[in-house]
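One structure is given below, encoded as structure tokens.
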Amino acid sequence: MPATPPPADPAAVAVPTIGRGRYALILTALTLGGFGIGTSEFAGMGLMPNMVAELGVSEPQVGHLISAYALGVVVGAPLLAILGNGLSRKALLLGLMGFYALGNLASALGPDYHSLMLFRFIAGLPHGAYFGVSALTAVAISPPEARGRAVSLTMLGLTLAILLGTPLATWVGQLASWRWAYAAVAVISLLTVALIALALPSRLAPPAPGGSPRVELRAFNRLPVWQALLIGAIGFSGMFCVFSYLAPTMVEVTGVAPAWIPLGLAGFGLGGVIGNMLGGWLFDRLQFRAALVVLGWAALMLVLFPLAARQPWSLLLATVCVGMMGGLGTILQSHLMDVAGEAQTLAAASHHAAFNAANALGPWLGGLAITAGWGWTSTGPVGAATALAGIGLWLWASRTLARRQACAAAA
């Protein structure tokens with residue numbers, strides 16, 4: 001396949017002069033923000049029993065709170081990216097994380113179930129836009145050959161949240177109240193605001209190119225952009241298919257005690273950390289072809305999941321291997337920077353909306369298979385089918401890129 005064209009964002013090419021210490025501090029601040037967001041997103045899964053007891057609702061109703069947050073991500077990612085058009089990336093990052101702090105503080109103080117539903121939706125609004133702008137900022141201060149690694153570092157906070165943040169939030173909720181977990185996320189968000197304000201000079205995070213919102217929307221409405229988003233929304237849903245039903249699978253199929261469940265969740269987190277770093281490394285070497293490598297790996301691991309679920313040791317190993325699918329997020333985020341043209345911020349933010357669509361699609365498909373009587377481990381083959389669908393979308397996207405590059409060369 002022909003080489004991927006150079007990034008459209010000039011900031012990704014003209015690397016500003018920046019000291020190593022400040023560079024590390026900026027990336028630390030961006031990663032910390034991602035850690036807080038990831039902890040808030042997944043905390044509801046570990047805090048579900050506590051929220052059921054205090055709010056007087058059922059488990060499915062608490063699940064609706066998680067869905068409300070995901071809906072906020074889907075709505076807020078493109079909307080806030082468009083509304084923030086023309087602002088410097090520093091101002092946008094500060095505003096988004098300040099907004100996120102307020103949303104989580106409101107969640108901690110929500111007096112009843114219905115108000116909490118609204119506050120979780122509001123808290124989800126800045127999620128996608130923050131990760132998109134964070135990735136663009138990291139790339140703008142990094143050498144071109146290290147773009148994938150820079151994106152993976154900004155995504156590292158999200159994977160660390162699964163590995164560490166969610167268990168810690170569960171522990172805090174069990175010791176005191178689930179409200180303290182969301183309050184802690186608000187504090188982390190404010191700390192991120194302080195670090196970004198201190199470390200990131202405005203000259204290193206100018207407004208994203210693209211002009212008016214109309215120009216960015218026109219640039220966004222291009223086939224390669226939509227193809228990348230579809231790969232994320234469909235190809236990545238297999239991981240969530242298995243992840244969402246891991247607890248009952250461990251108890252009913254593997255036959256372990258519920259105390260083992262946090263280890264399984266941590267396995268996904270560890271796999272996510274490994275996959276995230278490998279994803280950046282693969283993209284720097286293979287560009288868009290790296291997505292095919294991850295999708296192929298995912299299809300194989302998901303097919304093997306029913307066999308692995310029979311024994312505790314093999315199940316834990318399988319959760320790590322399936323969690324490594326997280327590398328696809330880094331790869332597609334980096335690829336979108338190459339194909340989005342003047343819609344850099346909108347495309348980067350919409351990437352996270354697509355992954356939250358996968359978070360909804362995967363559990364829904366897995367639930368259909370389980371309800372049909374195919375068993376708890378049917379989530380593995382169902383997830384493998386979505387990974388194969390992602391491979392089909394990748395082949396389509398690759399042909400589209402090849403044709404466009406051929407036309408550009410002939411012009």
Side-chain angles (χ1 to χ4, degrees), residues 41-52 58-64 66-67 159 162-164 166-167 169-171 174 234-275 294-326 328 358-390:
E41 179 180 17
F42 298 113
M45 298 175 185
L47 295 170
M48 186 173 289
N50 309 78
M51 299 177 80
V52 166
S58 65
E59 284 83 356
Q61 286 178 298
V62 175
H64 294 161
I66 300 172
S67 299
T159 53
I162 302 175
L163 178 63
L164 301 174
T166 301
T170 303
W171 178 68
Q174 291 172 346
I234 296 175
F236 198 64
S237 61
M239 193 195 86
F240 291 110
C241 186
V242 171
F243 183 70
S244 299
Y245 299 99
L246 179 63
T249 300
M250 293 180 69
V251 174
E252 300 295 335
V253 179
T254 314
V256 298
W260 280 69
I261 293 174
L263 291 177
L265 298 177
F268 268 98
L270 178 59
V273 172
I274 296 171
V294 175
L295 287 168
W297 168 268
L300 177 61
M301 293 300 104
L302 289 165
V303 164
L304 295 175
F305 180 75
L307 295 175
R310 297 177 182 177
Q311 298 293 330
W313 69 268
S314 57
L315 176 72
L316 294 178
L317 179 60
T319 61
V320 175
C321 291
V322 175
M324 288 172 64
M325 279 186 71
L328 186 62
N359 194 3
L361 177 63
W364 178 70
L365 292 175
L368 288 178
I370 294 167
T371 303
W374 294 356
W376 293 107
T377 58
S378 63
T379 56
V382 170
T386 65
L388 291 174

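Predicted model, so just to flag it, every value in this text is computed and none were measured. Counting from 1, the numbers follow the sequence of the chain as shown.
Taken to the nearest 0.5 Å, the CG atom of Leu328 stands 10.5 Å off from the CE atom of Met239. Distance OG1/Thr159 to CG/Leu164: 9.5 Å, rounded to 0.5 Å.
Residues Thr254 and Gln311 come closest through the heavy atom pair CG2-C, 3.7 Å. Across Tyr245 and Cys241, no two heavy atoms sit closer than the pair CD1-O, 3.3 Å. The two residues Met324 and Ile274 have their closest heavy-atom pair at CE-CG2, 4.0 Å. For the pair Thr319 and Gly267, the tightest heavy-atom approach, listed with the atom from each and the gap, is OG1-CA, 3.5 Å. Across Cys321 and Met301, no two heavy atoms sit closer than the pair CB-SD, 3.5 Å.
Counting heavy atoms from C-beta on, the side chains of Met325 and Leu302 come closer than 4.5 Å.
The list of ring pair (Phe, Tyr, Trp, His ring centres under 6.0 Å) pairs with a residue in residues 251-273, not counting sequence neighbours, reads Phe243-Phe268.
Evaluation of the ring pair (Phe, Tyr, Trp, His ring centres under 6.0 Å) rule for Phe305 yields no partner, not counting sequence neighbours.
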Distance-only donor-acceptor pairs under 3.5 Å for side chains of residues 369-390, two or more places apart:
from: Thr371; atom 1: OG1; to: Gly367; atom 2: O; distance (Å): 2.7
from: Ser378; atom 1: OG; to: Gly375; atom 2: O; distance (Å): 2.6
from: Thr379; atom 1: OG1; to: Trp376; atom 2: O; distance (Å): 3.3
from: Thr386; atom 1: OG1; to: Gly238; atom 2: N; distance (Å): 3.2
from: Thr386; atom 1: OG1; to: Gly383; atom 2: O; distance (Å): 2.6

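In terms of modelled atom types and a separation under 3.5 Å, the side chain of Ser237 and the main chain of Ala358 share no donor-acceptor contact.
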